[in-house]
Structures are given as C-alpha cells and as structure tokens.
Amino acid sequence: MRCPRCAEPVEVDGRSLRCVHRHSFDLARQGYVNLLSRPAGAAADDAAMVAARQEILASGLYAPLTDGLAAAARALDLPPGVVVDVGAGTGHHTAAVLEALPDRIGIALDLSVYAARRAARAHPRLAALVDDVWEGLPVADGTAALVVDVFAPRNVAEFDRVLAPGGAVLVVTPAPTHLTELVTELDMPRVDPRKAERLAETFARYSPGPIRRVRETLHVPGPVAAAVARMGPGAHHVSPAALDALSAGAGEVEVTFAVDVSTFLRA
C-alpha cells in the first residue's frame, strides 16, 4: 500500500496504518480502514442498499456472475502481485476471486463505510478500505496482478499505475437487457446501448481478452425483485413507494440477468 496523502509506503503500526510523514489511518472495530479525508457524501451506497446487496448475494441469485468472475480469474496467467477490487461492495465477489487464486491476497476498496464493514469479514486474505477511486488508489506502483471492477467507476490511469507488467483487469458490465423488466416497471435508468463500445475505447491501450457472457432468466418473488432493484445505483432514481409496491405484489416476477465479464491484459 501507499499513503493516500503523500504516496509514501504505508506500514502497520499497532491498529493503525502509518507512513514516514506520520499520516495515520486507524483500524475500525469492524475491521476496515477509512482513508477518506472528507465524508463520502451521497455517492456512497447507504445502509439499505448494502443490506439489499448482501441479501441477494447470500441467496445465490447472482451466483452465475460470481462463478463467471472466479473462472475468468482462474484462467489468467498472472504475474506476482495483489488483487485489487475497485468498488468491491460487500466483498462477496472478491472472496470468490481469492478462492480461485489461493496464493493471492486482496484489497477491497469502496466509497461506502457500510460496504467496507461487510467486506472486512468476507475473506481472511482480504483487507477492506474506504477510499475514492477518483482520488487515486492507495496501492503502490506495479504491485497489483489483477484489478477487478464490478459495476464500478474505472480510473484507468490508476489501473495502469498499480498493475504489474502482464497484469489484467476484469470488468463486469450490464448488457442492454440486464434487469430490463425492473427498469421498465420502475422507470430506472437504462443501460447505454453503446456501453460495450465505450468500454473497449476506455481500455484501448490494453489487449482484449475473452468475454464471458452471463445470461439467465430468473423468476423471483416480489420482495426479492425489490431487493434487486434496491441494491444498485438505480435505486437512487426510484421512489420508495414504487419499491414497496413491487415488494408487496403477489406472484413471481420475471427478471433478466445479463452481464458481461470482460478481460483486458496489460502489456
């Protein structure tokens, strides 16, 4: 790790992380370290969103994505280095990647304290940090073998800096039909139809690797469908009344699950 204030190396000192300039970051009792110099603000996932995500991930509903991400990581020929999950949320997917890579340690980064609390307990080889990807990654140059990005911001300049030669980025993005039934019913933001094209442009300096396309048709009760809608950033654009009505509905709701796991290789 490196200090988010001065970029000097960071070492563990008791229950704190410190650099040579005595910038210090304390370990919270829940097991994470907050590196932010100011409040996270409205951009961070709140307690309800994180709780909904935990519920859905624990249910196994998103297992096809988790399994696909782990398989993509296992198939890579990676250099020495750590696994960095940017926007790691609860650490659920990160834990699966670490199980697929048993000789690695991981760093889970998220803007949300609520997410970091859960990520701190997700895996014994995973450290949870509260940080803003747009302010730089608290990771030393060339020390990451793999960067994981699941529905999260992509600061590619920082990915370039922290990745070792021969490292890789795994990016999970929604396909245009992802959750289309919920998007229509709740008037949630739609996926940009040019998302795949824009992603390729973002990683134009990388060599494209295989893409794993995960497609499932789910049939879930209303409360589960509402939790799926609550767990992502689209929930900010939906009224609580609409979510409550979906949750209270009788019968099952059909939900299309459609995501792509894209691999980008650093020279």
Contacts of Arg2 meeting salt bridge (Lys or Arg N to Asp or Glu O under 4.0 Å) (sequence neighbours excluded), chain-then-number -> Asp141
dist His23:NE2 -> Cys6:SG (nearest 0.5 Å) comes out at 5.0 Å
* To do: Kindly say whether Ala157 contributes a backbone atom to a donor-acceptor pair with the side chain of Arg161 at under 3.5 angstrom?
  => no
Q: Compare all side-chain heavy atoms of Pro138 with those of Leu109 and state whether any distance is below 4.5 angstrom.
A: yes
* Does Arg198 offer a backbone N or O that forms a donor-acceptor pair with the side chain of Thr202 under 3.5 Å? -> yes
Output yes when a side-chain donor or acceptor of Asp149 lies under 3.5 Å from a complementary backbone atom of Ala152, and no otherwise. yes
So CZ of Phe151 and CZ of Arg53: to nearest 0.5 Å the spacing works out to 9.5 Å
Could you tell me how the ring of Phe257 sits relative to the ring of His178: parallel (under 30°), tilted (30 to 60°) or perpendicular (over 60°)?
perpendicular
Here the pair of heavy atoms bringing Ala73 nearest to Leu101 is O-CD2, 3.7 Å
Next item on the list: Determine, stepwise, if the pair Glu254 / Thr217 fulfils side-chain hydrogen bond (donor to acceptor under 3.5 Å, both in side chains).
Entry: CA-CA 7 Å; Glu254 183 174 292; Thr217 300; 5.6 Å; no
Notebook entry, point to check: Is Asp260 reaching over with its side chain to a backbone N or O of Ser262, donor-acceptor style, under 3.5 angstrom?
Noted result: no
Tell me whether Val133 shares a hydrophobic cluster with Leu146, the cluster being built from Ile, Leu, Val, Met, Phe, Trp, Tyr side chains joined at under 4.5 Å. no
Quiz item: Under the 3.5 angstrom rule, does the side chain of Arg5 hit a backbone N or O of Ser24 as a donor-acceptor pair?
Solution: no
(message) I want to check something: taking the side chain as every heavy atom from C-beta on, are Val97 and Asp85 in contact at a cut-off of under 4.5 Å?
(response) no
Worksheet item: Is the closest side-chain heavy-atom distance between Val148 and His93 below 4.5 Å?
Response: no
Of all heavy-atom pairs linking Leu126 and Ala108, the shortest is CD1-N, 3.6 Å
Would you say Val253 and Met188 are hydrophobically clustered, going by side-chain heavy atoms of ILVMFWY under 4.5 Å? yes
Donor-acceptor pair, distance only, cut-off 3.5 Å: does the side chain of Arg118 make one with the backbone of Gly91? no
Pairing of Arg38 and Glu135 as salt bridge, 4.0 angstrom limit: yes
Practice prompt. Tell me whether Val84 is reachable from Val171 by hopping between hydrophobic residues (I, L, V, M, F, W, Y) whose side-chain heavy atoms are closer than 4.5 Å.
Written response: yes
Inset, instruction - Please check if Val169 and Leu65 belong to a single hydrophobic cluster, counting links between Ile, Leu, Val, Met, Phe, Trp and Tyr side chain heavy atoms closer than 4.5 Å. - result: no
What is the ring orientation for Tyr206 with Phe264, classed by angle as parallel under 30°, tilted 30 to 60°, or perpendicular over 60°?
-> perpendicular
Side-chain heavy atoms of Asp131 within contact of Leu111, under 4.5 Å: no
Output for pair (Thr94 OG1, Glu99 CD), nearest 0.5 Å, gives 12.0 Å
TODO: Determine whether more than 12 heavy atoms belonging to other residues, nucleotides or ligands lie under 6.0 Å from atom CG of Asp77.
DONE: no
Quiz item: Are Val83 and Phe159 joined in one hydrophobic group, where the rule is that I, L, V, M, F, W and Y side chains link up if heavy atoms are under 4.5 Å apart?
Solution: no
CG (Leu182) and CG (Asp187) are apart, to the nearest 0.5 Å, by 12.5 Å
Scanning both residues in full, the closest heavy-atom pair of Ala115 with Val50 reads N-CG2, 3.8 Å
Residues, nucleotides or ligands: over 12 heavy atoms within 6.0 Å of Arg194 CZ: yes
Between Asp45 and Met49, the two heavy atoms sitting closest are OD1-CE, 3.2 Å
**Request:** Decide side chain to side chain contact (heavy atoms under 4.5 Å, CB included) for Val228 and Val220; before the verdict, give the C-alpha distance in whole Å, the side-chain angles of both, and the deciding distance to 0.1 Å.
**Result:** CA-CA 10 Å; Val228 170; Val220 298; 5.8 Å; no
Decide yes or no on side chain to side chain contact (heavy atoms under 4.5 Å, CB included) for Leu76 and Leu170, but give the supporting numbers first.
CA-CA 10 Å; Leu76 293 169; Leu170 291 178; 4.3 Å; yes
Got a donor-acceptor contact below 3.5 angstrom from the Arg266 side chain to the Gly167 backbone? no
Note: Arg104 and Ala145 closest approach over all heavy atoms is NH1-CB, 3.3 Å
Distance col, row Asp192:CG vs Leu199:CG, nearest 0.5 angstrom, shows 11.0 Å
Nearest heavy-atom approach of Ala120 to Gln30 is CB-O, 3.5 Å
Can you confirm whether Val33 sits close enough to Met1 that some side-chain heavy atom of one is under 4.5 Å from a side-chain heavy atom of the other? no
Answer yes or no: are there more than 12 heavy-atom neighbours, outside Arg22 itself, under 6.0 Å from its atom CZ?
no
Going through the distances and angles, do Val156 and Arg205 end up as a side chain to side chain contact (heavy atoms under 4.5 Å, CB included)? CA-CA 10 Å; Val156 179; Arg205 297 190 299 275; 3.6 Å; yes
Walk me through whether Tyr62 and Met231 qualify under side chain to side chain contact (heavy atoms under 4.5 Å, CB included). CA-CA 12 Å; Tyr62 272 41; Met231 66 185 277; 4.0 Å; yes
Handout entry: Check: Ala242 main-chain N/O paired with Ser239 side-chain donor or acceptor under 3.5 Å
Key = yes
message = Tell me whether Glu158 contacts the main-chain N or O of Leu137 through its side chain, where contact means a donor paired with an acceptor under 3.5 Å.
response = yes
To the nearest 0.5 Å, atom OH of Tyr32 lies from atom CG of Asp26 at 11.0 Å
For this session: Determine yes or no for a side-chain-to-main-chain donor-acceptor pair under 3.5 angstrom, with Arg215 supplying the side chain and Val259 the backbone.
Result: yes
